[in-house]
Amino acid sequence: MQIITFIIIFGIIVVVHEFGHFYFAKKSGILVREFAIGMGPKIFAHIGKDGTAYTIRILPLGGYVRMAGWGEDSTEIKTGTPASLTLNEEGKVVRINLSGKKIDQTALPMNVTSFDFEEKLEITGLVLDESKTYSVDHDATIVEEDGTEVRIAPLDVQYQNASIWGRLMTNFAGPMNNFILSIVVYSLLAFMQGGAVDYYSNHVQVVPQGVVAKAGLKDNDQIVQINEYKVSNWDELTDSVQKATRDQGKNPEVTITYERDGKTQKVTVQPEEDGGRYYIGVTNAVKTGFLDKLLSGVTDTWYTATRILTALKDIIFHFSLNKLGGPVAIYKASSQAAELGLPAILSLMAMLSINIGIFNLIPIPALDGGKIVLNILEAIRRKPLKRETESYVTLAGVAVMVVLMIAVTWNDIMKLFF
């Protein structure tokens, strides 16, 4: 169940993210050659009527949208490579098979000597020791050496030939979809739980048999002060408890000032300690109106995003691998959520979706944020960067991300098992 939960959570987030890129790429006239879920060797492949190869790959750790002409997307055929060509009634090539898989018994065998699938749309090679050139159909497919069948990529459907705004929206759509997913999930969670969590109020719900419940506090009481610290919302309440207990050593006491029916009362309690933090036994107030539940998706997403951005700022200025988490940390969190039930799973999914959305907007060349920066630079300069320059910048970003991912994953494994 823990593994299934991890795959479902991560899978949904990846599919939603990549679908954003996929949808707006197609709207911008960019050919999506492959829509892949997972990484590594493929276990399922299907070519849709839209010309996109839909694949599922064996490792459930990510996914990608392979757009014509983007990054390292290219078709390479070495001189002398054996291929089999499928021709239509007009004598045009509609399929080039470079693998020993998906054999077409009627195909024409050839040893390729040259090709141009971008401008001239032709392929030349030796057929029975005679050099022949064939026209290639604009929508022809090519079976690559690993058996993946994708469309060829003529210039008119490549990423570079889409409008600057189409490319910018294509790059932004992935993170945007992550935020939309979070909004939908948080709203669904509010309806499932009968109310929307109120982060901006100092009204509370009391945990049965908790510290303040034993001291006489009731649901919807309004905590206005912890010791000398004023309280007006949930964040201030939790921060005040930690500040009030920070310097007292073991068994600290705090004085809670609260209001009920317009009357101010005080009570002194001893918070419970758990994992190095102290708790007084209260949870957020809940708003039960239909509109409150509906809008909670937006408010909860905003609240979570601001906390993540605050944490990101702390990571940037006080960097530590212990503040980062990769697939191993996500698996651990999903395992804990699986034990707590569906609400915890949905809450984790929404939070991770926001995390991935924000992370992808960081302006590192390998990420969506880096691509957006390049789009903006092109709009300002009114001309694109050289393709080689863009490729080098992207490769540098990929190198940084690979090193960081390896370091984070290793750190997660060490924390979890040693």
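Note that CD1 of I356 and CG of N178 are 6.0 Å apart. Values are rounded to the nearest 0.5 Å.
When all heavy atoms of A68 and V157 are compared, the pair lying nearest together is CB-O, 3.7 Å. Shown here for P271 and V254, the closest heavy-atom pair between the two residues is CG-CG2, 3.9 Å. A pairwise comparison of heavy atoms in T238 and D235 identifies OG1-O, 3.0 Å as the closest pair.
Residues S99 and N97 bring a donor and an acceptor atom of their side chains to less than 3.5 Å of each other. Side chain to side chain, D219 and Q205 fail the donor-acceptor criterion of an N or O pair below 3.5 Å.
Within the structure, every pair that satisfies the ring pair (Phe, Tyr, Trp, His ring centres under 6.0 Å) test and touches residues 180-215, not counting sequence neighbours, is listed here: F191-F290, Y199-Y303.
With H21 as reference, D368 is the one residue of N171, N177, D368 to meet the side-chain hydrogen bond (donor to acceptor under 3.5 Å, both in side chains) rule.
Under a 4.0 Å N-O distance rule, the pair R95/E149 qualifies as a salt bridge. Salt bridge annotation for E144-R66: present, with a cationic side-chain nitrogen under 4.0 angstrom from a carboxylate oxygen. R57 has a carboxylate O that lies under 4.0 Å from a charged side-chain N of E34, or vice versa, which qualifies the two as a salt bridge.
When the shell of 6.0 Å around CD of Q265 is examined, it contains more than 12 heavy atoms from other residues, nucleotides or ligands. The local environment of CD1 in I58 is sparse, with at most 12 non-hydrogen atoms from other residues, nucleotides or ligands closer than 6.0 Å. Around the CE atom of M405, the shell of radius 6.0 Å holds no more than 12 heavy atoms that belong to other residues, nucleotides or ligands. No more than 12 heavy atoms of other residues, nucleotides or ligands sit less than 6.0 Å from atom NZ of K332.
Contact annotation: the side chain of V269 never approaches that of L217 to less than 4.5 Å [non-hydrogen atoms, C-beta and beyond]. R167 places a side-chain heavy atom less than 4.5 Å from the side chain of Y159.
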